[in-house]
Enquirer: 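Structure below; questions to follow.
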Amino acid sequence: MAFASATPATSSSKETTYHARLCRVLVDVGTCVLRDSFDAICRPPTLHTFLAANQTTLQSLRSRRIINATQWGKLFPAIPASVSSRDFDITLLMILLRNVCSLTPPLTGWDSLPAATDFSHEADITRIK
């Protein structure tokens, strides 16, 4: 009779470890870049007003399951003035930038890698995605 081992059958290779670290850096730095972009468009002191003005669009995104319940709670907390982009994850920031910040999509659209010659802010946002 064989018993399951308490330790994994394979250990993490250096490449796997480096890949995990790189992914972590990309998500952390990408989140900061997207947050800075979002905050430049929607200043933190007026964030709750901005979100309230875009509630119809955001509700549509929620009904289409693009925004989930947890993200919705971060957009519209019990105390509206307590909303903060610091609480938004990389996915929510990308959704907001694409849908309510009046940005023009790159020529290739939001879901395709932009041309290497496209140095627009929107193209850089798409590259982070």
Side-chain angles (χ1 to χ4, degrees):
M1 178 176 225
F3 292 96
S5 172
T7 58
T10 60
S11 61
S12 178
S13 69
K14 281 176 97 172
E15 291 82 13
T16 304
T17 301
Y18 290 143
H19 180 263
R21 287 181 182 167
L22 178 61
C23 289
R24 183 65 192 200
V25 167
L26 290 173
V27 169
D28 290 348
V29 173
T31 301
C32 288
V33 170
L34 293 181
R35 184 173 296 113
D36 288 347
S37 296
F38 179 76
D39 288 347
I41 295 166
C42 179
R43 302 281 178 205
T46 61
L47 178 56
H48 66 284
T49 304
F50 175 81
L51 294 172
N54 287 283
Q55 190 164 1
T56 302
T57 301
L58 294 168
Q59 183 62 48
S60 172
L61 294 167
R62 184 180 185 197
S63 67
R64 291 184 289 149
R65 297 183 181 177
I66 294 170
I67 293 177
N68 65 39
T70 301
Q71 293 167 326
W72 186 260
K74 299 208 183 280
L75 292 171
F76 297 101
I79 302 169
S82 71
V83 67
S84 172
S85 66
R86 289 184 309 257
D87 298 327
F88 301 169
D89 63 18
I90 194 168
T91 304
L92 183 56
L93 288 164
M94 185 62 72
I95 291 167
L96 294 170
L97 286 165
R98 287 174 62 165
N99 292 281
V100 296
C101 289
S102 301
L103 297 177
T104 303
L107 292 175
T108 56
W110 289 118
D111 296 318
S112 298
L113 196 60
T117 56
D118 187 348
F119 299 109
S120 68
H121 188 67
E122 292 85 353
D124 289 340
I125 289 170
T126 302
R127 287 184 187 97
I128 292 171
K129 179 185 174 277

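The chain is numbered in sequence order, starting from 1.
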Enquirer: Distance only, no hydrogens: is a donor on one side chain within 3.5 Å (strictly under) of an acceptor on the other, for Ser63 and Ser60?
Expert: no
Enquirer: Please examine the side chains of Cys23 and Tyr18, heavy atoms only from C-beta on, and report whether any two atoms are closer than 4.5 Å.
Expert: no
Enquirer: Go through the structure and list residues passing salt bridge (Lys or Arg N to Asp or Glu O under 4.0 Å) with Asp28, not counting sequence neighbours.
Expert: Arg24
Enquirer: For the pair Phe88 and Leu47, evaluate side chain to side chain contact (heavy atoms under 4.5 Å, CB included) and give the outcome as yes or no after the intermediate values.
Expert: CA-CA 12 Å; Phe88 301 169; Leu47 178 56; 4.1 Å; yes
Enquirer: Other residues, nucleotides and ligands only: do more than 12 of their heavy atoms fall within 6.0 Å of CG on Leu107?
Expert: no
Enquirer: Is Phe119 reachable from Leu103 through a run of hydrophobic residues whose side-chain heavy atoms are each under 4.5 Å from the next?
Expert: no
Enquirer: Of the options Leu58, Thr91, Ile66, Leu61, which is the one that meets Gln71 in a side-chain contact (heavy atoms from CB on, under 4.5 Å)?
Expert: Thr91
Enquirer: Considering non-hydrogen atoms only, spot the tightest contact between Val33 and Ile128 and give its length.
Expert: CG1-CD1, 3.4 Å
Enquirer: Verify the cluster assignment for Leu93 and Val29: are they in a single hydrophobic cluster under the rule of side-chain heavy atoms below 4.5 Å apart?
Expert: yes
Enquirer: Taking all atoms of both residues into account, what is the closest heavy-atom pair of Val27 and Thr31, and its distance?
Expert: O-OG1, 2.6 Å
Enquirer: Specify the closest pair of heavy atoms between Met94 and Ile125, including all atoms of both residues, with the distance to one decimal.
Expert: CE-O, 3.4 Å
Enquirer: Please collect all salt bridge (charged side-chain N to carboxylate O under 4.0 Å, His left out) contacts where either partner lies in residues 50-75, sequence neighbours excluded, each pair once.
Expert: none
Enquirer: What pairs meet the side-chain hydrogen bond (donor to acceptor under 3.5 Å, both in side chains) rule with one or both residues in residues 113-122, with sequence neighbours excluded?
Expert: Ser37-His121, Asp118-Ser120
Enquirer: I'd like to check the salt bridge (Lys or Arg N to Asp or Glu O under 4.0 Å) partners of Arg98; sequence neighbours left out, ordered by chain and number.
Expert: Asp111
Enquirer: Determine the minimum heavy-atom distance between Pro114 and Ala123, stating which atoms define it.
Expert: CG-O, 3.5 Å
Enquirer: So, for Pro106 and Thr126, which heavy atoms are closest and what is the spacing to 0.1 Å?
Expert: CG-OG1, 3.4 Å
Enquirer: Yes or no on side chain to side chain contact (heavy atoms under 4.5 Å, CB included) for Val83 and Phe76, after CA distance, side-chain angles and deciding distance?
Expert: CA-CA 7 Å; Val83 67; Phe76 297 101; over 6 Å; no
Enquirer: Do Ile67 and Ile41 belong together in a cluster built from hydrophobic side chains that touch within less than 4.5 Å?
Expert: yes
Enquirer: Test side chain to side chain contact (heavy atoms under 4.5 Å, CB included) on Leu22 and His19; report intermediate values, then the result.
Expert: CA-CA 5 Å; Leu22 178 61; His19 180 263; 5.6 Å; no
Enquirer: Tell me the salt bridge (charged side-chain N to carboxylate O under 4.0 Å, His left out) pairs involving residues 82-96, sequence neighbours left out?
Expert: none
Enquirer: Kindly indicate, with the supporting measurements, whether the criterion side chain to side chain contact (heavy atoms under 4.5 Å, CB included) is fulfilled by Leu75 and Leu96.
Expert: CA-CA 10 Å; Leu75 292 171; Leu96 294 170; 4.0 Å; yes
Enquirer: Do any pairs count as a salt bridge (charged side-chain N to carboxylate O under 4.0 Å, His left out) and have a residue in residues 30-54, sequence neighbours left out, and if so which ones?
Expert: none
Enquirer: Please determine whether residues Leu97 and Leu113 belong to a single hydrophobic cluster, defined as Ile, Leu, Val, Met, Phe, Trp and Tyr linked transitively by side-chain heavy-atom distances below 4.5 Å.
Expert: no
Enquirer: Of all the heavy-atom pairs spanning Ile90 and Gly30, show the shortest one and how long it is.
Expert: CD1-C, 4.0 Å
Enquirer: For Ile79, does the CD1 atom sit with more than 12 other heavy atoms under 6.0 Å from it, leaving out its own atoms?
Expert: no
